[in-house]
Amino acid sequence: MTISQLDKTYDPKAVEDRWSREWIDRGYFRADAKTHPGQPYCIVIPPPNVTGSLHVGHALNHSLQDILIRWRRMQGRNTLWLPGTDHAGIATQNVVEKQLMAEGLSRESLGREQFVERVWQWKATSGNTIVNQQKQLGESCDWDRLRFTMDDGLSKAVIEVFVRLYEDGLIYRGERLINWCPRCLTALSDIEVEHEEVKGKLYHLRYPLADDPNTGLIVATTRPETMLGDTAVAVHPDDPRYRHLIGKKVRLPLTTREIPIVGDSILVDLEFGTGAVKITPAHDFNDYEAGERHGLPRLAVLDHAALLDAAGMQQAAVESSVVEMLRGLPVPKARPKVEALLREQGLLEKTEDHKMAIGKCYRCKTVVEPYLSPQWFVKVQPLADPAIKAVEEGRIRIIPEGWVNNYLGWMRDIKDWCISRQIWWGHQIPAWYCLTCNSRQIVTVDGRTTILQGAVPIISKLTPAGCPTCHGQHLLRDPDVLDTWFSSALWPFTTLGWPEQTPELKTYYPTSTLVTGLDILFFWVARMIMMGLKFMGDVPFKDVYIHALVRDAEGQKMSKSKGNVIDPLHVMDQFGTDALRFTLASMASPGRDIKLAEERIEGYRNFANKIWNAARFCLMYLDGPKFSKPPAELGLPNRWVLSRLNHTIKVVTVELEAYRFDRASNALYQFIWHEYCDWYLELIKPAIQDPTHPFGPETRSTLIETFETTMRLLHPFMPFITEEIWQTIPHQGESIVIQSFPMPNMAWNAPEAEAVYTLLEQTVSLVRTGRTLLNYPPGQQITYWVAHEDQVEQRHLELTHRHLGHLSRGTAEVKPTKEWPVQKLLRLVNEGLSVGIVVSGDVDLKKAIERLGKQLAETDKELQRVDGKLKNAEFVSKAPPDVITEHQERVRTLSRDRALLAHSQQQLRTMLGS
RNA sequence: GGGCGGAUAGCUCAGUUGGGAGAGCGCUGCCCUUACAAGGCAGAGGUCACAGGUUCAAUCCCUGUUCCGCCUACCA
C-alpha cells in the first residue's frame, strides 16, 4: 500500500459517479420486506414534481433523509426509502401547453385524449431528470420501487378511495363559490391560493334610496366593478345611523335594479369604512355566506376568464349602454370605466388608499377570482377529528414541537376541500351522468359543457355499462380530474401496494419518519394523516420532522426571477456532493431558516480535503508491525483518542435520534479536524515515523481502528469520500454502505487520559504563544520549564513530558517553579499552569510585556468580580455549596496567576532595563 | 387582526435542570515544518436588541417596547 494511491487533493468528480452507480448496481439499497431480520425503518420521499429539477430545497430535504436512512441501514434496521414523483397536474399541464403553444398548437386543438398522450410522452423523455439528479446526490433510495402518482396501481387506489369516500358520504358535489384561476381555468383549493398584501383603494359609493333618491347610503368597496352584481346592501342591525333603513331598498347605480337593505351583524363591522357593505354573493366569499343567510340571488358578472360577461350583466339588469362599454373587458380595464361612470353621476363619494390582501394562483401567480361553479368536495371534518387526536395523543410526533399548534389550529378550523380541477392531466373523477336522466342539468353554451349541480352522478370504479335508472347507454363522464394532493395524500400506503395487502404494506406501514418542509404541512402532511387513519386505520408515520427553508445569503427566498438561486448541481460540481450535503446538515438547526452562502460550502469542501489528507497520512505510515492491546494499557495519545472517538459516537447517535443534524455534524467536524487531525495525528508522529519506536505497533493498530471507525461514523453525512477512503485503507467487507454503525464502547472511556491531554494542550498552547511573543521562528528549538500549582496536575504534567518536546519543538523541563532559573525567563501563566521560556539572544521583549500587562488586567477584573461575589453575604448564605467552593477555588487560582504574572512582568522589565 | 419564531463577534449561527460568553467563515501577524497553503501556529474582535421584574446570581425565567421574518385571517 503506497501513498501514490491517493492524490494530494480530493477530487470528488473522480469518485462520485462511480460510487453512486456501483451502490445501485450492487443492490445495497434494495429493501426486503419478507426476510430481513431487522426492525423496519421506512421513509417515503415527499415526491418531487415530475416537471422539477433538483433545487437546493430538495437537496436539503433529501440529504437529511439519506442521512437517516444510511444511519439506520448501518444500524442493521430493515430499511426502505421509497422514491417517487408526483404528476403535479396543473404544473405539468402548463409545461406541456407551453410546448404546444410554441408549436402553434393548443390542448383544445389536440383534444383530451391526444393531449394526455402527449403529456405521457413528455414524462417519458423529461420526467426522469430529477430522479437522475437524486442519484447524483447519492440518495440511497430503493430505486427499483420508484413510484409515480399516476402509475396504474396508484391510480387504481385513487379511484378506490374516491368511491369509498363517496359511499361514506364524505365526498359531495355542489355549486359553491370557489377559488378560480382565470388563467389555468380551474378551481383551486383554499390553500393553493397565496395571499399577498397590495396597496389598493377603498371606493365609497353612494347608492340612492329607492323611495328617497336624494338620500343615499354610502357603501365602501375595494372592487367597484363587482357592484353590478350586488344583490343587497348590509348594515349592522345595532347601528343607530342605519338601522331604520333595514327593509327599505336602494337603487343600484348603472342598473335598473332595486336591491334590499338587510341587517347583518356578521358581515358588517361597525367600525370599518362607512358601516354599510354591498353584498355581491357571486364574487365574494363573505358575501356568498351573507347571501345564504338572507336568501339573496347570486348574479355573476364575470365569466370563467375573469372578463366582464355580457350575458351575466344583462341578467343583472345592467343598463345596456354600460354592458356594451364593459363587455369582454378584464377587471383592471373595467374598473376605471366603472369608476368614471359613477363619478359622472356623482355617486363616487371618495376614494382612499387601502392596504389589502389579494389571492394569487400558487402555480402561475395570476390573481384568483372567487367563482361560482359546481365542484367536488371532501367533507373534511369527520376525517380531521381522528387526525387531531393522533397528534394530541402523541401517536404522531411533530418535530420541532413548535409546529404542533400550527397543525392543530389549522385542523380544528378546517374547511371542506375542493378536489375537482378543470384540467386534463390527472386522475379523472370516476363519475358518469346519464344524458337522458340529466338532460336539464347538462347544458352546453359556446362549446363549454357544464354539468349543473342537480345532475345525478353514477359513481363507479369501472365504466358503467348503462344508467341504472333508465338503462340508457348515453353516459357522459365527468371531465374534471382530482387535485394532485388527493393522490399524494395516499402516498404512504399506495406506494406500498394498497389496496392489495402486500408484504411491504405489512412490514413498512406505518412508516417511521416523514421529512418535509413547513410549506406542505397542510397541503400534504395533514391530508396524509387523515387518509392514513381513514383507510389504514393507523397513522402513516410516527415522526414528522419539519426542516427549514433554504434562503440565499441575504435571507431572501430563492426565486428564478430574483436570480438568487443556488443550483445544487452546480455546487456539487464545484465543491463536491459531500460538501453540499454536510453544509446543509450542519445548518439544519430547528426553527431557523437556512441562509446559504457558497463560502460555507467551500469551507466543507476544505473539510473533505482535510479528511482526504488524513487518509493519505494513515496510508503513509501503516506499514509496519501492529499490535492491539486492551485500551487501558495503551499510551496516552491512543487512550485519549479512543475516549474522544467514543464520546463523538455517543454525541452523533444521540443527536441523530433527536433530529439534530446540525449538532451531529458539528461534533464530527470538531472531532475529525480539531482533535483527530490537529492533535492525535501530531501526537503519534514520533511513534509511527520511527520504525523501532516501542509504541509503534499499538499506535498503528489504534490509528487504523479509529480512522476506519470514524469513516463509518461519518458515512451517512459524506457517503462518497468515506467510501472511497474506506476502500483504500485496511477493511473487511465489500462496501462501507453495509457496514455497521459505530457503537459506544465503555472500555474506550478514559477520563484521566482526557485530563492529561487537556493539560498537554494548555501547555503546548502557552509555549507557542511565548514563542510568538519572543519572535522565535517556528523551527527554532527552545528550552522551557513547566509547572503546575496543583499537585495532581503536576503529576499529570510529568506524564505529558514525552510529548511536550515534539509538539513544541523544544526541550521541556517539568519541575516545580522553585527549581526554575530566576534569570532570562519569559513566564506565562494560565489557570495554575506556568510555562517559563528561556530568553536567549537579542529579542524584543516589548510585545511580551504588553501581553502580560493585558492578561494581568483581565485577571484582575475577573478576580474582583468573583471575589466580590464571595464577599456578598447573601451569596455565601444562599448559593449552593458546590458553587461557593468553585468560586473560592477560582479566587485562589486567579490570585496565584496574578502574582506570577506580576512577577514575570517585573522580571521582564528588569531584563529590558539591563 | 390573530399566532409563531428570531434579535449573541464584521457575516452565518450554536449555547435548557440560571453560576467563568462559543464555533465556522472573514480579518491581522508569522510560517511553503515531507498528510493537507483547500494548510499550520498565534492573535484581534461581543454593555448576548431595549426597558423593567424575579433571584444571592439572568444571554438563559417573567412582563413590556422596538425592529425583522414566517404562518394564518372574511374588516368590505
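Residue numbers begin at 1 in each chain, while the letters A, B, ... track the order of the sequences.
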In whole angstroms, how far is the P atom of B:C70 from the CG atom of A:D519?
-> 13 Å

Sugar-phosphate, base or nothing in reach of A:D678, heavy atoms under 4.0 Å = sugar-phosphate

Counting side-chain heavy atoms from CB outward, which of B:A14, B:A42, B:A35 is closest to A:K685?
-> B:A35

Closest heavy-atom pair and its distance - A:D230, A:K278 | OD1-NZ, 2.9 Å

Could you give the distance separating B:C48 and B:U8 at their C1' atoms, to the nearest angstrom?
-> 4 Å

Side chains of A:T222 and A:Y203: is there a donor and an acceptor less than 3.5 Å apart?
-> no

Base versus backbone protein contacts along nucleotides 71-76 of chain B [heavy-atom cut-off under 4.0 Å; B, S, -] | SS-BBB

NA contact type, A:E289, heavy-atom cut-off 4.0 Å: base, sugar-phosphate, or nothing?
-> nothing

Any side-chain heavy-atom pair of A:E598 and A:F575 under 4.5 Å = yes

Would you indicate, yes or no, if B:G24 has its OP1 or OP2 atom less than 4.0 angstrom from a side-chain nitrogen or oxygen of A:N666?
-> no

Do the rings of A:W612 and A:Y10 sit parallel, tilted or perpendicular, given the 30° and 60° boundaries?
-> tilted

Mind checking A:T9 for me? I need base, sugar-phosphate or nothing, with any heavy atom below 4.0 Å counting as a touch.
-> base

Find the distance A:M587:CE to B:C11:P and express it as a whole number of Å.
-> 15 Å

For nucleotides B:C25 and B:U66, find the distance between their P atoms and express it as a whole number of Å.
-> 39 Å

Check every strand shown and say whether A:R768 touches a base, only sugar-phosphate, or nothing at a heavy-atom separation below 4.0 Å.
-> sugar-phosphate

Contact class for A:S765 (heavy atom, under 4.0 Å): base, sugar-phosphate, or nothing?
-> sugar-phosphate

Rounded to whole angstrom, note down the C1' distance from B:U47 over to B:C30.
-> 34 Å

Distance between P atoms of B:C62 and B:A7 (Å, rounded) | 14 Å

Using a heavy-atom cut-off of under 4.0 Å over every strand shown, decide if A:H674 touches base, sugar-phosphate, or nothing.
-> sugar-phosphate

Partner of A:I279 by side-chain contact (heavy atoms from CB on, under 4.5 Å), out of A:V219, A:D284, A:L267, A:V233 = A:L267

Nearest whole angstrom, please: distance from the P of B:A42 to the CZ of A:R851.
-> 11 Å

Scan A:I279 against the nucleic acid and name what it touches under 4.0 Å (heavy atoms): base, sugar-phosphate only, or nothing.
-> nothing

Pick base, sugar-phosphate or nothing for A:Y604, based on heavy-atom distances below 4.0 Å to the nucleic acid.
-> nothing

Spacing of the C1' atoms in B:C41 and B:U12 (rounded, Å) = 25 Å

A:E599, nearest nucleotide to its side chain (from B:G43, B:C25, B:G19) = B:C25

When the P atoms of B:G18 and B:C13 are considered, how many whole Å apart are they?
-> 26 Å

Base paired to B:U54 (Watson-Crick or G-U; both N/O distances under 3.5 angstrom) | none

Distances for protein N or O near nucleotides 4-7 of chain B N or O, under 3.5 Å:
unit_1, atom_1, unit_2, atom_2, d
B:G5, O2', A:G591, O, 3.4
B:G6, O3', A:R592, NH2, 3.1
B:A7, OP1, A:R592, NH2, 3.3

Reckon A:E889 touches a base, only the sugar-phosphate, or nothing at all at heavy-atom distances under 4.0 Å?
-> nothing

Span that lies between the P atom of B:C50 and that of B:A37, in whole angstrom | 44 Å

